[in-house]
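Residue numbers count from 1 along this sequence. Atom set for the values below is all heavy atoms of this structure, side chains included, hydrogens, waters and symmetry mates excluded. All figures in this text were calculated on a predicted structure; none of them were measured in a lab.
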Amino acid sequence: MKHHFYQFAFALILAITSCSYVIAQQNSLLEKRVSMNAESEPLDAFLNRLSKEVGGVFSYSPSTLDINRTITGSFSDQSCREVLEEVFDGSINYKQKGVYLILTPAPPAEKEITISGYVVDQKSGDRIQNATVYNPITLQSSVTDEFGFFEFQVKNPAEENFELIVKKKDYADTLLVESRTSRFQKIFLKGEGEDASPIVRSLTEPMKNFWIWTKNSVGFTNLENVPDTLHRGFQLSFVPFIGTNRKISGSVTNDFSLNVLGGFSGGTEKVEIGGLFNINRRNVKFFQAAGLFNQVGGTVKGFQVAGLTNVNLDSVKAAQFAGIANFTTGPASGLQTAGVFNISTSDIKGVQLAGVANYTHKNVYGGQIAGILNIGKNVNGFQLGLLNYSDSTSGTPIGLISFVRKGYHKVEIGADEVLPLNISLRTGTRGFYNMIFAGMRPEKADSVTWAFGYGVGTSPRLAKKLFLNFELSSQQLIKGNIQALNLINRAYLGLDYQFANKVGIYAGPSINLRVYDSTFSDHPDLFSYMNPKIISENDFQGDLKSQLWWGFRAGIRFF
């Protein structure tokens, strides 16, 4: 039932969309095509005949038109718009309102001119929708509608001629030197591959602008059609495509850019500031700041700061600061600082600093510092965090747990003066590793003494098969459940001899400090099968006591 409902809803939306398109075409009186002849016919009679052909009514003031002038001409399969342009030669402006076609005098040419026309496929004769027509000097632009028509007004035009560039994806560029007496015309575009010679060369870069929020926007259409890099010293925008660079802003690189809420540009050469966000297709340098986010498709050099995120799709040589996250897909060098996490899908040269996590998909040349987790492939430096992971490292990971896939991993079975059976897992590097261990002293079933703990250590090489071990650890000694403090803190110095492949033995002395709650009467016996001498006992403030003694450790290690 639900499936049929979705099918019905989709069909209804499609039907409404199709009907809207058809109605729009039917109601566009200016695009109705007519064929008619006139021989010395008065203007008012000609307009009356034309109105009947298109199904509309002309509205005008007789005082503004010379209705006694005569019309002579042959109009064959032309739109109503083309007929009006030919009859009035640009001296009249016209617009449709319902069934009315309103004619008004055009402003004096020195104050305003209207540039309009059709963009047509030269080979097929079809009109081209979504072509971009723009002035490369003022960046004023227009996009052709479903009839291939474009129009824009030029206020206070200069006396000299000016250029118009017409662009459409998969078509050759066309350059027009537009004169003030030629305001309406058909512009023919050649498809690429038809031996066309573009006037303006494309500077398209391979980076695809996938962050465009909608392919139906005029800004995206212009961006598809105009990949060239234009340059301006300064631009001001309120939101993307509403600013001094207008709807062609995605093709303009600016020295200085100020975006009140947000902006979209081709790139930034010096400084860009956005109230909420900045989006750049290509490169940015030397300073970029946004209240929410920065997004750059090219390289970033200098300093980049955002209230939430920085997203960069190419290399970065900068100091980056973000309230939540920095994300880069190209090699990055410098400093990445984020309140939550940094993510890089390429190499990092420098330091990643994050409140929660750092992730580098490839190599780290420098350091990663995070409150919880660091992940890198090959780390040539250090990692400092609660949890660290790397494929390999030539540096030092420091944390509660550090796992290096091609690093130091040992499983240890041994004994000490307190517990006859201990099992320990070591992971990290020989330079710095973590230990997680547990031990037990099997006695009566209802009074098994056991312990668990954590430690860190280092194991430098002394000879080919001989290593030194220096370790610091702490373990809670209990019987049953944890009910009171009973910590044995140990410093151990010993030797590790690898007598076979992935098998070694170890032994060495330790100094031990027990800190326990003296008010608890059910602590397990400290020693049961050995009786080392207690060399010192002390009372602390409150109910804590301590004991100090010399001990030993010995056992076998695997892997």
task: Please assess Gln368 against Gln383 for the test side chain to side chain donor-acceptor pair (under 3.5 Å), listing each intermediate value before the final yes or no.
output: CA-CA 5 Å; Gln368 292 179 311; Gln383 290 177 310; 2.8 Å; yes

Hey, could you give me the [atom1]/[atom2] distance between [X] and [Y], rounded to the nearest 0.5 Å?
X      : Y      : atom1 : atom2 : answer
Asn93  : Thr104 : CG    : OG1   : 5.0 Å
Gln288 : Gln295 : CD    : CD    : 10.0 Å
Asn380 : Thr393 : CG    : OG1   : 7.0 Å
Leu384 : Ile398 : CG    : CD1   : 6.0 Å
Tyr365 : Ser394 : OH    : OG    : 9.0 Å
Leu103 : Leu65  : CG    : CG    : 6.0 Å

message: With side-chain contact (heavy atoms from CB on, under 4.5 Å) as the criterion, how do Arg232 and Asp255 come out once you've worked through the C-alpha distance, each side chain's angles and the decisive distance to 0.1 Å?
response: CA-CA 7 Å; Arg232 289 292 180 273; Asp255 286 339; over 6 Å; no

Tell me whether [X] contacts the main-chain N or O of [Y] through its side chain, where contact means a donor paired with an acceptor under 3.5 Å.
X      : Y      : answer
Glu31  : Ser28  : no
Asn326 : Thr337 : yes
Ser344 : Ser346 : yes
Gln96  : Gly98  : yes
Thr345 : Thr329 : yes
Asn342 : Gln352 : no
Asp391 : Arg405 : no
Asn130 : Val143 : no
Ser35  : Ser76  : no
Asp121 : Ser124 : yes

query: Between Phe150 and Tyr118, does the ring centroid distance fall short of 6.0 Å?
result: no

Taking the side chain as everything from C-beta on, heavy atoms only, tell me whether [X] gets closer than 4.5 Å to [Y].
X      : Y      : answer
Thr328 : Gln336 : yes
Ile279 : Val296 : no
Leu84  : Leu30  : yes
Val456 : Phe432 : yes
Pro240 : Phe277 : yes
Val87  : Ile71  : yes
Leu189 : Ile128 : yes
Tyr60  : Leu47  : yes

field: Ring-face cation of Arg81 near Phe149 (centre distance under 6.0 Å, axis angle within 45°)
entry: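 Pair Arg81/Phe149 counts as cation-pi.
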
- request: Quick one: do Leu236 and Phe238 satisfy side-chain contact (heavy atoms from CB on, under 4.5 Å)? Show the steps, please.
  value: CA-CA 7 Å; Leu236 172 67; Phe238 184 71; over 6 Å; no

On a heavy-atom basis, which atom in [X] and which in [Y] lie closest, and how many Å separate them?
X      : Y      : value
Arg127 : Phe147 : CD-O, 2.8 Å
Asn283 : Gly298 : OD1-CA, 3.4 Å
Ala131 : Thr144 : N-OG1, 2.8 Å
Val356 : Ala370 : O-CB, 3.6 Å
Ala290 : Leu276 : CB-O, 3.8 Å
Lys97  : Ile102 : CB-CD1, 4.1 Å

- request: Tell me, yes or no, whether the heavy-atom count around Phe234 atom CZ, taken from other residues, nucleotides or ligands under 6.0 Å, exceeds 12.
  value: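 Atom CZ in Phe234 is crowded, with more than 12 foreign heavy atoms closer than 6.0 Å.
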
Between [X] and [Y], does any side-chain donor sit less than 3.5 Å from a side-chain acceptor?
X      : Y      : value
Ser257 : Gln235 : yes
Thr427 : Asn434 : no
His361 : Asp347 : no
Glu272 : Asn280 : yes

message: Could you go through Tyr94 and Phe58, starting from their C-alpha distance and side-chain angles, then the distance that decides it, and tell me whether this counts as ring pair (Phe, Tyr, Trp, His ring centres under 6.0 Å)?
response: CA-CA 10 Å; Tyr94 44 85; Phe58 283 102; 9.1 Å; no

- prompt: Hey, is Arg282 close enough to Glu269 for a salt bridge, meaning N to O under 4.0 Å?
  reply: no

- prompt: Can you check ring pair (Phe, Tyr, Trp, His ring centres under 6.0 Å) on Tyr433 and His409, steps first, answer last?
  reply: CA-CA 9 Å; Tyr433 53 84; His409 309 291; over 10 Å; no

- prompt: Of Val252, Asn254, Asn259, which meets side-chain contact (heavy atoms from CB on, under 4.5 Å) against Ser265?
  reply: Asn254

message: side-chain contact (heavy atoms from CB on, under 4.5 Å) for Gln320 and Asn294? Distances and angles first, verdict last.
response: CA-CA 11 Å; Gln320 294 178 287; Asn294 296 302; over 6 Å; no

query: Can you check side-chain contact (heavy atoms from CB on, under 4.5 Å) on Cys80 and Leu50, steps first, answer last?
result: CA-CA 8 Å; Cys80 176; Leu50 180 58; 4.1 Å; yes

